[in-house]
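All values below were derived from every heavy atom in this structure, side-chain atoms included, with hydrogens, water molecules and symmetry-related copies excluded. Per chain, numbering begins at 1; letters A, B, ... match sequence-line order.
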Amino acid sequence: MRKIDELNDWRRTHYSVEIKPELEGKKVTIFGWLSSIREQGGIVFLILNDKEGMVQITVHKDKSSKSILEKLKILSEHSSIGVKGIVKSINKAPHGAEIIPEEIKILSIAKRQPPFSLFGGKMPTIDKRLDIRVIDLRRPKAQAIFKIRHTVLKAIRDFLIGKRYMEVSTPKIIATATEGGAALFPLLYYDKEAFLAQSPQLYKEQLVMPFEKVFEIGPIFRAEESRTLRHLSEIISVDVEEAFVSYKDTMNLIEQMISHVVKTINDECSKEMELLKQKIKIPKSPFKRLTYDEILKILEKEGIIMNWGEDLSTQTIKILGEILPEFYFIIDWPTAIKPFYIKPRDDKKDICESFDLMHSSIELASGGSRISSKRLLIKRLKEQGLKPKLFEYHLRIFDYGMPPHAGFGLGLERLMMVLTGQENIREVSIFPRDRFRLTP
RNA sequence: GCCUCGGUGGUGUAGCCCGGUCUAGCAUAGGACGCUGUCACCGUUCUGACCCGGGUUCAAAUCCCGGCCGAGGCGCCA
């Protein structure tokens with residue numbers, strides 16, 4: 001007898017969770033993976049998981065065909081199978097119904113056991129789980145996280161498209177360091193040196209010329225030597241840029257966007273949020289807007305004295321997070337610690353029209369009004385130690401009527417950490433890339 | 001990049017400080033058997049581990065050195 005069956009003309013009629021008492025007596029075909037085999041004397045309970053959930057298949061040994069009994073002997077947990085059978089309504093079964101199989105197809109036999117159970121128990125370290133990430137992703141918690149992620153992306157797109165922003169894509173292979181600062185991954189582009197993009201910043205700014213309101217959801221790459229729970233080398237960035245507005249409009253936009261996202265996942269992912277024991281209220285608008293100066297005063301009350309112009313350290317942000325366990329903006333940063341394209345205030349040049357969107361101690365997004373004057377942009381490039389010549393392809397656009405514009409970039413994984421209550425950013429990335437991990 | 005900590009069956013851990021009683025314990029998983037309503041089933045039983053290399057010692061899971069791998073913190077971070 002062959003151990004592995006062919007799929008042939010078998011096709012799914014139902015997902016596991018659709019097997020309900022109302023289907024009593026109906027013949028169904030389901031596919032999935034065996035997550036549990038429990039033998040109880042003359043009766044065998046199989047639990048089959050698919051992407052929607054699980055269903056019980058019950059085999060009464062004395063009433064079953066020889067073929068099914070033989071297959072039971074060689075089946076191991078996590079094997080993938082197909083089952084044709086009759087639905088039986090019975091309240092002793094997990095969801096009030098189970099399947100009495102008439103025929104089973106073994107599609108693949110699992111030879112190894114994953115290092116964790118789908119039903120709980122102690123979890124191995126994240127490193128071991130990531131080595132077999134797609135198996136790890138079958139855990140209900142991971143399923144919940146990525147269902148939520150999917151819904152968040154959909155909500156962001158719906159929201160922005162509804163407000164007439166156009167979705168664009170910009171190059172991820174670039175010629176020069178976009179902004180200085182963050183370390184780039186170099187690569188060989190035919191015979192030239194190139195880099196992986198650390199941000200779509202300059203391209204999205206250029207794109208306000210033809211499209212005015214644009215957004216991009218795509219990967220960005222940073223070769224930082226970071227070894228923390230909130231940094232990855234490759235992340236998904238949600239970038240928005242718009243002409244004829246300032247950073248105040250952008251803050252209003254991102255605020256509404258966050259509220260829309262929270263509302264959507266509360267509506268559409270309530271089961272998943274419950275499974276993650278996560279409750280998040282739709283935040284009240286407007287979010288708190290605290291100036292950099294006000295933040296320094298708050299920190300001073302906590303006994304932390306900072307020099308004006310210093311960036312906030314990890315530790316000071318942690319303290320802030322305890323005082324502000326919510327969404328809030330830090331605005332009007334010192335010009336010197338923000339990138340060259342951020343617009344300094346007209347009245348006070350050492351402060352710029354910028355904001356960071358925070359939630360507790362996590363920085364989610366940063367944005368601001370951009371410089372639209374070529375002369376000022378060149379000045380700021382020089383002040384940051386960058387060579388205007390390298391940015392010629394960008395600067396030349398500013399000669400053709402660059403309007404005032406503003407925008408933001410938001411780290412999707414950071415947002416996901418906040419929404420799903422995860423402490424490790426790796427949990428919310430499907431295949432995380434960090435300082436030490438390049439596979440799978 | 002710097003600092004700290006760690007590596008014991010498939011998985012999670014105990015033992016390490018204070019070397020011998022470790023023939024390495026426990027839980028879970030896996031195999032076998034029993035059990036007709038389980039649902040992290042249960043019961044009996046079996047299988048299976050000291051990261052690699054070197055050193056100290058009569059004796060190393062345990063102490064020392066190096067390597068590899070991992071974890072956490074800091075710094076860096078449009």
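When the nucleotides B/rG30, B/rC76, B/rU11 are ranked by their closest atom to the side chain of A/Glu77, B/rG30 comes out on top. Nearest to the side chain of A/Asn424, among B/rG72, B/rG12, B/rG75, sits B/rG72. Of the candidates B/rG75, B/rC35, B/rG37, the closest approach to any side-chain atom of A/Ala93 belongs to B/rG37. Closest to the A/Ser313 side chain, of the nucleotides B/rG1, B/rG75, B/rC35, is B/rG75. Residue A/Phe45 places its side chain closer to B/rU38 than to any other of B/rU11, B/rU38, B/rG1. Checked against B/rC74, B/rG37, B/rA71, the side chain of A/Ile43 finds its nearest nucleotide in B/rG37. Closest to the side chain of A/Lys128, out of B/rC74, B/rU36, B/rG12, is B/rG12. In the set B/rC74, B/rG37, B/rG70, the nucleotide with an atom closest to the side chain of A/Lys88 is B/rG37. Nearest nucleotide to the A/Leu229 side chain, out of B/rG37, B/rG72, B/rG12: B/rG72. Relative to the side chain of A/His231, the nucleotides B/rG70, B/rC76, B/rG12 differ in distance, and B/rC76 lies closest.
Proximity of the aromatic rings of A/Tyr292 and A/Trp308 is defined here by a centroid distance below 6.0 angstrom, and this criterion is met.
Toward the 5′ end of RNA chain B lies the nearest nucleotide of A/Phe436, the other residue of the pair A/Gln315 and A/Phe436 mapping further downstream.
A donor N or O paired with an acceptor N or O is found under 3.5 Å between the base of B/rG72 and the side-chain atoms of A/Arg227.
B/rU45 and B/rA29 are spaced 16 Å apart, taking the C1' atom of each and rounding to whole Å. For the C1' atoms, the distance from B/rU13 to B/rC50 is 13 Å, rounded to whole Å.
Residues satisfying the side-chain contact (heavy atoms from CB on, under 4.5 Å) criterion with A/Pro186, sequence neighbours excluded, are A/Glu193, A/Phe195.
Annotation: cation-pi geometry satisfied between A/Lys51 and A/Tyr15 (NZ/CZ under 6.0 angstrom from ring centroid, within 45° of ring axis).
Counting to the nearest Å, the C1' atom of B/rC69 and the CG atom of A/Asp131 are 11 Å from each other. Between A/Asp136 atom CG and B/rU11 atom P the separation is 14 Å, expressed in whole Å.
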